[in-house]
Protein chains: 2
Amino acid sequence: MPKLTIRDVAQAAGVSTATISRVLNGSGYVSAEVREHVQSTIRALGYRPNAIARSLKQEKSRSIGLIVPDMTNPYFMTVARAVQRRIEREGAGYHLLIMDSAEDREKEREALHFLLEKRVEAIVLAGTGGNRELVQAASDGGTHVVLADRTIDGLSLDVVAEDNVDVSREAIVYLAGRGHRRIAVINGRQTISTARERYAGVCAGFAQAGLQAEPELIIEGDYTRQGGIAAIRALMTRPGRPTAVYCANNEMTFGVYLGLQELGFPLDELDIVSFGDLEFSSLFHQRLTVIRQNPERLGEEVGELVMRRRGEGSGEAAAGREKRVLYPKLECR
Amino acid sequence: MPKLTIRDVAQAAGVSTATISRVLNGSGYVSAEVREHVQSTIRALGYRPNAIARSLKQEKSRSIGLIVPDMTNPYFMTVARAVQRRIEREGAGYHLLIMDSAEDREKEREALHFLLEKRVEAIVLAGTGGNRELVQAASDGGTHVVLADRTIDGLSLDVVAEDNVDVSREAIVYLAGRGHRRIAVINGRQTISTARERYAGVCAGFAQAGLQAEPELIIEGDYTRQGGIAAIRALMTRPGRPTAVYCANNEMTFGVYLGLQELGFPLDELDIVSFGDLEFSSLFHQRLTVIRQNPERLGEEVGELVMRRRGEGSGEAAAGREKRVLYPKLECR
DNA sequence: CTGTTAGCGCTTTCAC
DNA sequence: GTGAAAGCGCTAACAG
């Protein structure tokens, strides 16, 4: 099959390439007669314009980059899907380039470079906490940057995130209210903003409940399932076990259950609060309380913000950055 | 920030654009001296080559399209991730464009057109069953097409899929062996190849077990959670309830559990076999037997195939198509 | 070893 | 209303 170009179509239709282009884009004046003729020629030939050439000429890639720290986490994939839907809805042929940093700063750096070379019009970043200068440079360079879910200290950029502090405080108070005195905390890495915020909330909760946070019950995990398994293993195989656990993300909560099972404990051995939902929590009638986030909404907000920024003048005139905060809810039952 | 081009770099470094290009691509001869100078200039300026221009010139987009019928299904996202990893591993700057057809032929058609315009080098399709001519045309047009998970009748294309028939037969025999006589079947739409194959296997299973498949126990669902809910509702709210259910995909199985819960049945009311794993099946000690698929492996095979085809001459010389079959396993316990 | 140059396929002034 | 022509940023012959 010969690769067709706009010139082939022009030749076949007996008009100039400019006319074809005008028909394709619905721009400029074209008589109805010619338009129809061109359109039928296009159909007859099965011609498809080359989006790459178009992008080069227009200096618009019509693509948005998204970097998530974990493609296997349903939370981020839900965000991704919402963003994708939102930008596709615009109908302007936008699409999403999804990259996975796997919580690795180096991979994140590569992903940023990659997206920059692809000339994405905006980068949505749920970051590892690293690459601050590069992110700033990207923003200064005129690529819109929106931080999603996670912020980066010292950068003034658009942000759509959740309030991690207050609901975490509430969670600890809730557990204390149920009579727990030995509450373990499985944290995320403190390089990640959400992990820091969640921990801050936890501390506030302990204070409010008049409890002393016991160092050996505070474990720094890594937001992975394996991390959750390791954490619960450590907690349950030494004296002074906890009676309740606050777990800073969904994957680690899953790990906690896997670990409990592996250790031979009943799954309802502990009261657990999970920051972030687990798909099966509605079926899983253990002593599990969920802090329900709203990835759908977050993704929509991000998409909306991205498309709006696209309209505004690039970089330079960009007025104040925007910060939108969503509020997760502790689902007591 | 001024957008830098290769000419700016050339000017700054006092050499020609060709030299810059050679340094960038590691092609042709460049003296070590000049190379270093150019590289430091590039770094100093913070120059990033424009991948769009490069793609246009080289007539290689370095992108692969993937169309899945359901982005929310972990099965397909696992496939996607495996494909992505595999093509990124090549190190040639390849990336994946993921599109969601939402089981809708029209959306699938749009996605195909979109990817064709983006000049993706290959399309990986887990299809709805429609758009046969378009898919054929894409393949004829020189875009490699690999069917993943689902085949399309009458098309001779590369395929990586699972054997749905035999393990489904086995599942029914297994349920019959546990003494069940009233076994319900929740099918997928018969426009989808996997649904047809799974149903064929189910019928073989009934025959082998010497059971009569009862029409009112065979329900055509749609591979969605809602479909599963609707199906189990229908089955359980009329006389002659089943005692076991074969459920043709993971999402519908989830729906079955949601439905049972909603109807007030205990979750272990029925023996259930699910084609396709549920994330929590290992924790969920109900009467659930899973047919374990291997999306990781499928994705890797697809990625491998795609990258190999890329090496071979395009379209024309493409020798025989390849069909790889994976074998899911019934996990009895 | 390095520079000059001709495009890749399209859009977009600017003439007519 | 339509066409001619100049690039978008890069790479790849081809000279030198």
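This is a predicted model, so every value here is computed, not measured. Chain A is the first sequence line, chain B the second, and so forth, proteins listed ahead of strands; every chain is numbered from 1.
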In whole Å, what is the span from the CD1 atom of I52(A) to the C1' atom of dG9(C)? 10 Å

Is it true that a side-chain atom of D149(B) and a backbone atom of V160(B) form a donor plus acceptor pair closer than 3.5 Å? no

Is a salt bridge present between E106(A) and R109(A), judged by a nitrogen-to-oxygen distance below 4.0 Å? yes

Decide, yes or no, whether a salt bridge links K323(A) with D158(A) under the criterion of side-chain N to carboxylate O below 4.0 Å. no

Between P on dC8(C) and CZ on R54(A), what's the gap in Å once rounded to a whole number? 18 Å

Salt bridge check: are R48(B) and E117(A) linked by an N-O gap of less than 4.0 Å? yes

N/O donor-acceptor pair under 3.5 Å between E121(A) side chain and S61(A) backbone: yes

E304(A)/R324(A) ion pair, N-O < 4.0 Å: yes

Looking at R81(A) and D100(B), is any side-chain nitrogen of the basic one under 4.0 Å from a carboxylate oxygen of the acidic one? no

Between S193(B) (side chain only) and T151(B) (backbone N and O only), is there a donor and an acceptor less than 3.5 Å apart? yes

Starting at NZ of K60(B) and ending at P of dG9(C), how long is that distance when rounded to a whole Å? 16 Å

Whole-Å distance between dG9(C) P and E59(B) CD? 5 Å

Within residues 18-26 of chain A, find the residues that approach DNA chain D with a heavy atom at under 4.0 Å, and present them sorted by residue number. A18(A), T19(A), R22(A)

What residues from residues 30-37 of chain A pass a heavy-atom cutoff of under 4.0 Å to DNA chain D? V30(A), S31(A), V34(A)

Whole angstroms only, please: what is the CZ-P distance between R7(B) and dT4(C)? 11 Å

Could you check how far NZ of K57(B) sits from C1' of dC10(C), rounded to whole Å? 15 Å

Taking OH from Y29(B) and P from dT2(C), how many angstroms apart are they, rounded to a whole number? 12 Å

Answer yes or no: is there an ion pair linking R85(A) with E296(A), defined by an N-O contact shorter than 4.0 Å? yes

Between L56(B) and G28(B), name the one whose nearest nucleotide on DNA chain C is closer to the 5' end. G28(B)

Here the distance between atom P of dC8(C) and atom CG of N50(B), to the nearest Å, is 18 Å

Going by atom types only, do T128(B) and E103(B) share a side-chain donor-acceptor pair under 3.5 Å? no

Its 5'-most and 3'-most nucleotides having an atom under 4.0 Å from a non-hydrogen atom of chain A, DNA chain D is contacted over dG1(D) to dG9(D)

Can you tell whether the side chains of R310(A) and E90(A) come within less than 4.0 Å, N to carboxylate O? yes

